[in-house]
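The next block holds one structure in the form of structure tokens; read it before the comments.
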Amino acid sequence: MKYSKGEKAILALNHVALVLISLVMLYPFVNILARSFSGTQSILRGDVSVYPVDFTTFAWERVFADRLFLSGLMNSTVITLGAVVFSGVAVILTAYPLSKSNLVGRRILTTLFIAVMIFRGGPIAQYMVFRELNLLNTLWVLILPTALNIYYILLVQSYFMTVPDDLYAAATIDGANDFQQLVLIAVPISIPIIATITLFNAVAHWNLYQNAVYFIVETSKYPIMMVVQSIVRSSSSMAEISADTDVGIETYGRETIIAASVAFAALPIIMVYPFLQRYFVKGITLGSIKE
Amino acid sequence: MLIPGLVLVVLFRYLPLYGITIAFRDFHPMKGIFGSEWVGLKYFRLMFSSPDFLRIIRNTVVLNLLQLIFAFPAPILLAIMINEVGRPGVKRAYQSITYLPHFISWVVVGAMVIDFLSPRFGPINVILKALGADPIPFLLREDLFRPILVVSAIWKEAGYASIVFLASIMSISPELYESAHMDGAGLLRRIWYITLPGIRGTIAILLVIRMANFMQVSFEQVYVLLSPAVYEVGDVIATYVYRVGIAGAQFSRVGAVDFFNSFVGLVLVLITNKLAKRFLGRGLW
């Protein structure tokens, strides 16, 4: 398609705008990485933008030596892995029966699961229930309740349903029971979607914050995001926000340490992002295709 | 095989629905839920007459409106812009870059915002100071807090939200564009008369979903940026429920707010679904 002079100009402008937008998207990440390697005085003077000033690695060393930080890291790793495994199994186990058209009461059960997507008890109600179940202040509270994501169940279910019934029938004749059919037939076909939801699950649990704030009080059980947030809250910027003028003598290198903590929290996701990007996209387009 | 799934759902979704009755009881930690006395609508009466309540409702609604007006169209605009890029490699690059922030936690993004707006070393304030002006404590200003929330939400989510629109745009038949071009329609006209109407269905569905979530404002986003100085404009239902209800252990009193919130949410979903069926021919289910 040939463009007129005026249109070419608009398209060029479009590019410029998009480049600017991209820079705006990327700048904060670059900046925080730079700050994590910069001297605190330089940061406070506002000298640091895209590259480190007063290069130093002490903040990163301090971060990795900090007990709270390390326990947060441990907790988050446990939570993420646990959630991925537990939820993955739960979702698959739930999606499989629901995908079989000859299941008794299928419509009712499916509606049951979908209805929960629509309305839910609020945090206070959840708190009460967790309290009774003795889940408060444990890592389990961050894994169990969110294990069954109805959205994931529907996605997996739709993949399962693409398996022709004859295949299952043939397997039954050969003597395979339900479990074997699930693992040997349904799952291999659905690897792409399972990979996608595993990814989404992992990211979501690594980033966990809200539920942790609500339901965990012991600092040793804090997931990494809570640790980072408490570090940020102690920053001089935040201290000014909280009108806590007792900042006085700064803990040496505080700003750099904060930058390092925050940068570290974002790092895993940024690192896997280029490789797993297409899985991320798949997730949302699959959802919209359903429409 | 369904048993685990059922157990989980019942336990964690249906049981809390019962836990909601805490709003109707005078909760006493020693007695547990069942042991606590039933007081009927006492806390609801208290709630409706409390100035706190009006404030958080107002903030939640206003914030949502702002999001609707500014944050909802942003991804559409972005999608159109990215779509007009010729080279597929460059297109993909723009896509990848813009939806990266979505996957980063609000804790991290919040920290970035706090530092960006820092009175000591945030870029804007550094420039201001160089020009001899006073630095602005952005996050303490009641008049600036809400815009900050909306803008940072756009930064974080616009890219990811634009994926759906992009997918929708790409499903528009190229022939439409060709014939419009041959009829002499310029670039902007083509966008206005073909692209936009082409994604009308997608926009409608997403709008319905957005409306159904109207009373919900992201807890994490507001919580990481909130401070007492801006409670008046920034305290929303979610943050209030946490701060006073859970951290403040006023379970029954705030339980009423929680219940109200869930109830309104349910009503909204049902209404928007009915409306969608009337005007769009289809609803969410």
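Here is the naming used below: chain letters follow the sequence lines, and residue numbers restart at 1 for every chain.
- At a 4.5 Å heavy-atom cutoff, the contact between Ile10(A) and chain B is made by side-chain atoms alone.
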| request: Might you work through the side chain to side chain contact (heavy atoms under 4.5 Å, CB included) test for Phe121(B) and Glu255(A), ending with a clear yes or no? | output: CA-CA 11 Å; Phe121(B) 56 82; Glu255(A) 287 301 327; 3.5 Å; yes
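- Chosen from Val262(A), Leu11(A), Val228(A), Val213(A), the residue pairing most often with chain B at heavy-atom distances under 4.5 Å is Val213(A).
- Taking the six-membered ring where tryptophan is involved, the planes of Phe116(B) and Tyr27(A) are perpendicular, since the angle between them exceeds 60° and thus also 30°.
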| query | Is there a side chain to side chain contact (heavy atoms under 4.5 Å, CB included) between Tyr99(B) and Met25(A) once you walk through the steps? | reply | CA-CA 9 Å; Tyr99(B) 44 82; Met25(A) 294 281 162; over 6 Å; no
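- Both the backbone and the side chain of Val19(A) come within contact range of chain B, with heavy atoms under 4.5 Å apart.
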| request: Check the pair Tyr214(A), Tyr242(B) against side chain to side chain contact (heavy atoms under 4.5 Å, CB included), reporting the backbone distance first and the verdict last. | output: CA-CA 7 Å; Tyr214(A) 282 162; Tyr242(B) 168 68; 3.2 Å; yes
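- Using a 4.5 Å cut-off between heavy atoms, Val217(A) does not touch chain B at all.
- From Ile269(A), atom CD1 reaches atom CZ of Phe103(B) across 8.5 Å, with rounding to the nearest 0.5 Å.
- Contact between Tyr94(B) and Ser22(A) at its shortest, heavy atoms only, is CD2-OG, 3.3 Å.
- The two residues Ile104(B) and Asn207(A) come nearest to each other via the heavy atoms C-ND2, 3.9 Å.
- Around the CZ atom of Arg243(B), the shell of radius 6.0 Å holds more than 12 heavy atoms that belong to other residues, nucleotides or ligands.
- The heavy-atom pair separating Ala265(A) from Val108(B) by the smallest distance is CB-CG2, 3.8 Å.
- Counting heavy atoms of neighbouring residues, nucleotides and ligands inside a 6.0 Å radius, atom CZ of Phe264(A) exceeds 12 of them.
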